[in-house]
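Presented below is the structure to which this report refers.
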2 protein chains.
Amino acid sequence: MAIKRFSKQRELILSAVMNTTEHPTAEMVYTRLKPENPALSLGTVYRNLNQLVAEGSLIRLPFTVERFDATTAPHAHFLCRECGKVYDIMDICYDPALDDKAQLSSGHVVKQHELFFDGTCVNCTEKM
Amino acid sequence: MAIKRFSKQRELILSAVMNTTEHPTAEMVYTRLKPENPALSLGTVYRNLNQLVAEGSLIRLPFTVERFDATTAPHAHFLCRECGKVYDIMDICYDPALDDKAQLSSGHVVKQHELFFDGTCVNCTEKM
DNA sequence: TCAGTAACAGTAATTATTACTGATTATAAT
DNA sequence: ATTATAATCAGTAATAATTACTGTTACTGA
């Protein structure tokens, strides 16, 4: 059950995440869309983000406040500790050998991995 | 300011995290300690965990419910999607070259990275 | 010994997220 | 097209995680 219907709101929310590089939170998506879609509700944003992750259109980044990313191909991320911005790191390519190695040494079935860098981003460095 | 005093509660909370491998949440630490320390309050656990992270005695794992780890040396983690348990992956050693590479390609000042694996752990695999 | 203040327990408040409710609307079969 | 159905919606209530506040206790250094 739970056959997917077309939903204008879902399209809207998906494209909002696709058209930004800022790895928005649910709140950020809502704030972005609300002015031009006054009827939109925050619950709808949460519900559709979860659906989009479930169907694989988005990935969920497990920060303490969740963030979403329309680049579903595995890639690394960078968190700026000063301003809180999250950036993609595309030049470090995903290494499947790591998964094999982790699986061998631990005995767990390893599906994938996430690589999180952190530090101070370019913009914040310039301001110092 | 804010000179650190000795605090029995802080010792208690630190040793609770040190004496387990389960990467406890604040709630788990509280539940563990409460029976033998009935006067302990949840706010105290949160406050002291944050202090211990600030002083470097613990690290914070940025899951959507925060977890803590007394192994402060950088190392990888594995999250079981079935049971939610978090394991250390010690056999994949920290690669500082990754930080350099990320910094060069992105321009950000990279301090460190975290490597998160996920999948199904040994215990859950056996039950299938 | 006592003034200053970190730390405490208890609790209120805040924030993030999910669940519920009754109304609306896409879809598929008539 | 019309209608039945169930997915989706907006609005809101509820829950869960975390932090902030309040009055009290107890170290610590003068």
Side-chain angles (χ1 to χ4, degrees), chain A residues 1-17 22-69 79 81 84-86, chain B residues 1-17 22-69 79 81 84-86:
Chain A
M1 23 195 122
I3 299 152
K4 286 281 166 53
R5 281 197 191 149
F6 173 82
S7 150
K8 193 163 185 179
Q9 274 82 351
R10 188 152 51 245
E11 290 300 306
L12 196 64
I13 288 162
L14 175 58
S15 72
V17 180
E22 65 178 353
H23 303 80
T25 63
E27 187 66 39
M28 287 159 80
V29 171
Y30 176 72
T31 305
R32 170 79 46 98
L33 296 176
K34 186 66 175 174
E36 294 179 0
N37 305 271
L40 184 69
S41 99
L42 183 56
T44 299
V45 173
Y46 273 104
R47 185 164 13 86
N48 282 291
L49 284 173
N50 286 337
Q51 271 187 42
L52 289 163
V53 169
E55 78 186 33
S57 302
L58 296 179
I59 58 170
R60 181 194 307 273
L61 303 183
F63 292 91
T64 48
V65 177
E66 292 189 337
R67 289 171 167 271
F68 297 88
D69 189 348
L79 165 67
R81 294 287 179 194
K85 281 205 189 94
V86 177
Chain B
M1 27 204 113
I3 299 153
K4 289 278 168 55
R5 280 194 194 151
F6 173 83
S7 150
K8 192 163 184 180
Q9 272 81 353
R10 188 150 50 245
E11 291 299 308
L12 195 66
I13 289 162
L14 175 57
S15 72
V17 180
E22 66 178 351
H23 305 78
T25 63
E27 188 66 38
M28 287 159 80
V29 170
Y30 176 72
T31 305
R32 170 80 46 98
L33 296 175
K34 185 67 173 174
E36 294 180 1
N37 305 270
L40 184 70
S41 98
L42 183 57
T44 299
V45 173
Y46 274 104
R47 187 165 11 87
N48 282 290
L49 285 173
N50 286 337
Q51 271 186 43
L52 290 163
V53 169
E55 78 185 32
S57 301
L58 296 178
I59 58 171
R60 182 194 308 272
L61 303 182
F63 292 91
T64 48
V65 176
E66 292 189 338
R67 289 172 168 268
F68 297 87
D69 189 347
L79 166 68
R81 296 284 178 196
K85 280 207 190 93
V86 177

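Per chain, numbering begins at 1; letters A, B, ... match sequence-line order.
Of the inter-residue distances, the one linking B:Phe68 atom CZ with B:Arg60 atom CZ reads 4.5 Å to the nearest 0.5 angstrom. To the nearest 0.5 Å, atoms OG (B:Ser7) and CD (B:Gln9) are separated by 5.0 Å. For the atom pair A:Asn37 CG and A:Arg32 CZ, the distance stands at 12.5 Å (nearest 0.5 Å). Taken to the nearest 0.5 Å, the CG atom of A:Leu42 stands 11.5 Å off from the CG atom of A:Leu33.
Computed from coordinates, the A:Glu55 CD to D:dA7 C1' distance equals 14 Å when rounded to whole Å. Separating the CG atom of A:Leu33 from the P atom of D:dA10 is a distance of 11 Å, rounded to the nearest angstrom. Rounded to a whole Å, the OH atom of B:Tyr30 is 13 Å from the C1' atom of C:dC8. Between the CG atom of A:Asn48 and the C1' atom of D:dA7 there is a distance of 11 Å, rounded to whole Å. Look at CG on B:Leu12: it is 14 Å from C1' on C:dA7, rounded to the nearest Å. If you take CZ of B:Phe68 and P of D:dA17, they are 13 Å apart, rounded to a whole angstrom.
Shown here for B:Ala16 and B:Val29, the closest heavy-atom pair between the two residues is CB-CG1, 4.3 Å. Counting all heavy atoms, side chain and backbone alike, B:Val45 lies closest to B:Ala26 at CG1-O, 3.6 Å.
When each of B:Asn50, B:Leu49, B:Asp69 is tested with B:Leu58 by the rule side-chain contact (heavy atoms from CB on, under 4.5 Å), just one qualifies, namely B:Leu49.
Nearer the 5' end of DNA chain D, as judged by each residue's closest nucleotide, is the contact made by A:Arg10, out of A:Pro38 and A:Arg10.
Contact annotation: B:Gln9 side-chain N/O to C:dA6 OP1/OP2 distance is not under 4.0 Å. Using a 4.0 Å cut-off, no side-chain N or O of A:Gln51 falls inside it from OP1 or OP2 of D:dA7. Residue A:Thr44 places none of its side-chain N or O atoms closer than 4.0 Å to OP1 or OP2 of D:dC9. Within the 4.0 Å cut-off from OP1 or OP2 of C:dA9, not a single side-chain nitrogen or oxygen of B:Asn37 is found.
Taking the screw axis at each terminus of the helix from C:dT1-D:dA30 to C:dT30-D:dA1 from five consecutive base pairs, the angle between the two is 30° to within rounding of 10 degrees.
Side-chain N/O atoms of A:Thr25 and A:Glu27 include no donor and acceptor closer than 3.5 Å.
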Walk along nucleotides 17-30 of chain C from 5' to 3' and tag each nucleotide B, S or - by protein heavy-atom contact under 4.0 Å, base first, then sugar-phosphate.
BB------BBS---
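With sequence neighbours excluded, no residue forms a salt bridge (charged side-chain N to carboxylate O under 4.0 Å, His left out) with A:Arg5.
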